[in-house]
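What follows is one structure encoded as structure tokens, with my remarks underneath.
Counting starts at 1 for both ligands and their atoms, following the listed order.
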Amino acid sequence: MNNIILCGFMGCGKTTVGKYLSTLANMKFVDMDKYIEKKADMTVSEIFEKFGEDGFRDMEHKACLELSRSTDYVIASGGGTLVFDRNVEVLSKTGTIVLIDASYETLCNRLKNDKKRPLLQCENRNEKIKELLNKRMPLYKKASAVTVNGDQSSKKVAQEILSKVNSH
Ligand code: S3P
């Protein structure tokens, strides 16, 4: 299957790049968080509040199973999706997993005013980003077949993805 699955930390640009990439590559686009929100008729924050992170992770896994049946899709995963082996297993069979690798500084800057990500609504946001990023980066790298530099414009990131996936 020929899907492109975008992986990386919150704020690395999965959604923005994904939309651009889907136009560029003439593919369809789906954002996993939006897909989950639509099915649950709740926002991600509401899901975390009502069912906890574990409840959200179960919905996320279900979304991976459902979306893995599609073809010709650019799939923007959530920042925690590919940290879980069960999701990597499902999504890696359905296409190429691409890591958008943005620096700690870029991420802190892009996430500084965020109100929608439950994991970042805490006292010291930058510390939390550092802690999660250190823990997750090795897992993102293990899950992905291709890595691109996420510190550039979305347009450039999308172009880099397309050329790397095509020559992969
Ligand atoms: C999460 C990232 C979010 C969303 C949820 C949990 C994470 O997606 O799935 O808030 O664990 O990193 P984005 O990466 O699209 O912000």
Side-chain angles (χ1 to χ4, degrees), residues 3-22 28-68 73-91 95 97-144 146-152 154 157-158 161:
N3 299 301
I4 299 176
I5 302 102
L6 302 182
C7 156
F9 202 80
M10 296 173 264
C12 74
K14 299 179 294 289
T15 305
T16 318
V17 169
K19 283 182 186 161
Y20 192 79
L21 175 64
S22 66
K28 291 166 277 185
F29 174 75
V30 63
D31 179 86
M32 201 176 279
D33 284 333
K34 287 272 165 341
Y35 180 87
I36 294 167
E37 287 183 331
K38 203 167 165 198
K39 284 202 81 174
D41 196 23
M42 292 166 97
T43 65
V44 169
S45 301
E46 287 166 349
I47 297 171
F48 266 72
E49 216 170 286
K50 186 153 184 215
F51 303 109
E53 183 175 346
D54 287 349
F56 174 76
R57 297 301 172 199
D58 285 343
M59 293 184 193
E60 187 176 50
H61 180 59
K62 205 158 169 257
C64 289
L65 291 170
E66 289 167 8
L67 292 173
S68 71
Y73 264 92
V74 174
I75 303 173
S77 70
T81 313
L82 291 153
V83 163
F84 295 91
D85 283 343
R86 60 178 182 171
N87 297 334
V88 178
E89 209 171 291
V90 168
L91 290 177
I97 302 180
V98 177
L99 169 60
I100 304 178
D101 187 4
S103 67
Y104 169 68
E105 289 73 22
T106 298
L107 296 172
C108 289
N109 192 37
R110 289 194 194 148
L111 293 166
K112 64 176 183 278
N113 297 319
D114 178 77
K115 292 196 172 55
K116 289 189 178 156
R117 293 165 171 103
L119 295 178
L120 299 181
Q121 309 313 309
C122 56
E123 191 80 346
N124 195 336
R125 177 169 297 187
N126 289 358
E127 267 309 302
K128 184 74 184 177
I129 293 174
K130 190 183 278 171
E131 179 200 318
L132 278 176
L133 190 61
N134 285 339
K135 204 152 70 182
R136 289 174 169 188
M137 194 44 80
L139 302 172
Y140 291 152
K141 289 208 167 132
K142 195 170 143 218
S144 49
V146 168
T147 301
V148 295
N149 171 14
D151 290 334
Q152 356 170 41
S154 306
V157 179
I161 293 174

Give the residue and atom name of whichever protein heavy atom lies nearest to atom 12 (O) of ligand 1, and the separation in Å to one decimal.
Arg136 NH1, 2.7 Å
Side chain, backbone, both or neither: which part of Leu119 has a heavy atom under 4.0 Å from ligand 1?
side chain
Students should be able to answer this: which protein heavy-atom is nearest to atom 7 (C) of ligand 1, and at what distance?
Gly80 N, 3.3 Å
Presence of salt bridge, Arg86 and Asp58, under 4.0 angstrom:
yes
Electrostatic pair Asp114-Arg117, nearest N-O below 4.0 angstrom
yes
What protein heavy atom sits nearest atom 3 (C) of ligand 1, and how far away is it?
Asp33 OD2, 3.5 Å
Ligand 1 atoms in contact with Lys14 (distance to a heavy atom under 4.0 Å):
13 (P), 14 (O)
Best match, Glu60, Arg117, Gln121, Arg57: closest heavy atom to atom 11 (O) of ligand 1
Arg57
Thr81 side-chain N/O to Ser77 backbone N/O, donor-acceptor pair under 3.5 Å:
no
With heavy-atom distances below 4.5 Å as the criterion, would you say the side chains of Val98 and Thr147 are in contact?
no
Judged by modelled atom types alone, do Thr106 and Asp151 share a side-chain donor-acceptor pair under 3.5 Å?
yes
Around atom 5 (C) of ligand 1, find the nearest protein heavy atom and jot down its residue, atom name and distance.
Val44 CG1, 3.9 Å
Examine Gly79 against ligand 1 and note whether any of their N/O atoms are separated by less than 3.5 Å.
yes
Does a salt bridge link Glu123 with Lys128, judged by any charged N lying under 4.0 Å from a carboxylate O?
no
Is it the case that Asp31 and Thr15 place a side-chain donor and acceptor less than 3.5 Å from each other?
yes
Need the ligand 1 atom indices (1-based, order shown) with element for anything under 4.0 Å from a heavy-atom of Pro118.
10 (O)
